[in-house]
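Everything below concerns the one structure shown next.
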Amino acid sequence: MSRFWHGFADMHSVATDEVVIRSAEGVWLEDVDGRRYLDSTAALWYCNVGYGRQEIADAVAAQLVRLPAYSSFGAYTSEPTVALAERLADLSPIPNAVVFLGSGGSDAVDTAAKLVRRYWDVVGRPEKRVIVSREFGYHGMHGWGTSLVGIGPMKTGYGGNFIDEVVNVGVMDVETLGALFAERAGEIAAFIGEPVVGAGGVIPPEPHYWPEVTRLCREHDILLIADEVITGFGRTGWLWGSQRYGIEPDLITFAKGVTSGYMPLGGVLVGERVRAPFWDDDVPGAVFRHGYTYSGHAGAAAAAMANLDIIEREGLVARVASLEPALDRAVRRLEGATGVGEVRTVGLTAAVAFEPSLLAADPGLPERVVSAALRHGVASRVLRGHALHISPPFVITEAEIDTMVDGFAAALEDVAAAAR
Ligand SMILES: Cc1ncc(COP(=O)(O)O)c(C=O)c1O
């Protein structure tokens with residue numbers, strides 16, 4: 001029986017049923033018993049450049065020997081951190097951005113949420129404290145993320161909300177958003193949303209959604225945070241989801257794809273408006289008293305630099321764009337399978353949802369399909385209790401996409417056969 005407490009897991013069963021991965025190469029994982037699995041999710045949407053990248057490991061090793069990390073509080077920092085901030089600012093769709101770093105997406109969301117409140121405080125509007133998020137939105141599991149999440153079960157059981165100044169609106173409901181902004185703009189600090197809802201079930205935006213949200217935020221003087229923890233660094237076939245969907249954010253949160261998970265790293269790109277009172281304008285006492293021990297970690301920055309080199313050199317963002325139709329075609333083969341309801345795809349990610357009526361009668365169905373897929377050599381997981389998660393590494397080939405979908409098809413067939 002394992003002593004490792006898994007995230008989002010029912011340890012009553014997982015403790016005796018772990019899948020222990022030993023090594024990986026490209027899109028293929030190998031477990032401790034020598035079984036191979038195609039990684040249909042790039043772990044948790046992060047291993048975009050694929051596994052086994054010696055060049056990232058070498059860059060990190062060299063950096064760790066030279067200087068593993070140094071404090072970034074006060075005036076201190078390290079060389080790769082400054083270089084990475086410069087590079088991210090250049091890549092940012094927000095003009096003249098500056099960069100605040102942490103160790104992952106939840107850090108980034110907490111940083112952004114605290115920063116927008118601190119911004120309104122230093123510019124003399126401390127009553128603007130509410131952050132508005134979306135139904136099905138996921139923003140990590142720190143205090144702010146748990147308060148902003150739009151997936152009900154992730155909030156329950158803690159004796160109430162951690163942060164009360166949050167409002168959650170329908171996933172595509174710009175009308176309610178407009179009415180809320182009109183009524184309460186004086187209290188609202190920011191709106192946060194994922195360009196494509198990810199963990200909530202791969203829900204691409206309707207065409208008018210983001211231009212309208214951007215317009216509403218401007219009209220009502222509400223800051224816009226694009227949570228690009230999944231969509232950043234190419235997942236939609238554009239470097240940023242904000243570019244694909246015409247979002248004009250004041251802040252962007254990112255993590256995952258910045259290092260492809262070779263080291264833990266995340267951060268916030270901050271535009272001129274929010275940075276100004278802290279960096280440029282003469283605002284007495286305008287200091288953002290926030291930071292993490294590993295903010296600007298040199299080894300993580302080295303991993304990000306090497307990872308970004310690979311993405312650029314191998315044209316991996318363009319590769320996602322060119323694979324988008326192939327993934328869509330392949331995954332839609334599952335539309336006719338027993339139990340399958342809506343199939344949603346965008347860029348190099350997809351969700352295969354189960355029929356709502358079947359799910360209502362049998363909520364364990366998706367997990368059984370995931371287990372069956374594993375037996376057919378495909379590693380996946382369930383999104384929001386209702387869909388199969390697909391987001392393979394960007395280096396997947398069209399043949400491997402077919403192999404992956406064949407594995408899911410066989411798993412669906414096994415589970416349907418067992419129910420007959
Ligand atoms: C959109 C989004 N924001 C934030 C997070 C939290 O990131 P982390 O798990 O690295 O803290 C995630 C993680 O999946 C995410 O998808």
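By convention here, the first residue in the shown sequence is residue 1. Atoms within a ligand are numbered from 1 in the order they appear, just like the ligands themselves. Hydrogens, waters and symmetry mates are skipped; everything else that's a heavy atom, side chains included, is used.
Between Trp238 and Val320, the closest side-chain pair of non-hydrogen atoms is not below 4.5 Å. Residues Tyr70 and Thr77 form no side-chain contact, since every pair of their non-hydrogen atoms from C-beta on lies 4.5 Å or further apart.
For atom 15 (C) of ligand 1, the choice among Thr253, Val229, Leu265, Val149 with the nearest heavy atom turns out to be Val229.
For ligand 1, the atoms sitting less than 4.0 Å from at least one non-hydrogen atom of Gly105 are 6 (C), 7 (O), 8 (P), 10 (O), 11 (O), numbered in the order shown with element in parentheses. Each of the following atoms of ligand 1 lies closer than 4.0 Å to a heavy atom of Gly104: 10 (O). Shown in contact with His139 at under 4.0 Å from a heavy atom are these atoms of ligand 1, numbered in order with element: 3 (N), 4 (C). Under a 4.0 Å criterion applied to the non-hydrogen atoms of Ile230, ligand 1 contributes the atoms 16 (O). Each of the atoms 1 (C), 2 (C), 3 (N), 4 (C) of ligand 1 lies under 4.0 Å from some heavy atom of Asp227.
The aromatic rings of Phe191 and Phe181 sit perpendicular to each other, their planes meeting at more than 60°, with 30° as the lower class boundary.
A salt bridge links Asp309 with Arg87: at least one charged nitrogen is closer than 4.0 Å to a carboxylate oxygen. Arg134 has no carboxylate O lying under 4.0 Å from a charged side-chain N of Asp173, or vice versa, which leaves the two without a salt bridge. Salt bridge Asp406/Arg333: present, at least one basic N to carboxylate O contact under 4.0 Å.
Within the 4.0 Å heavy-atom shell around ligand 1 one finds Lys256.
In this structure, atom 9 (O) of ligand 1 lies nearest to the protein heavy atom Ser106 OG, 4.2 Å. Looking only at heavy atoms of the protein, atom 5 (C) of ligand 1 is closest to Gly140 N, 3.6 Å.
For the pair Arg384 and Phe136, the cation sits on the ring face: its NZ or CZ lies under 6.0 Å from the ring centre, inside 45° of the axis.
Under 4.0 angstrom from ligand 1, the non-hydrogen atoms of Glu194 all belong to its side chain.
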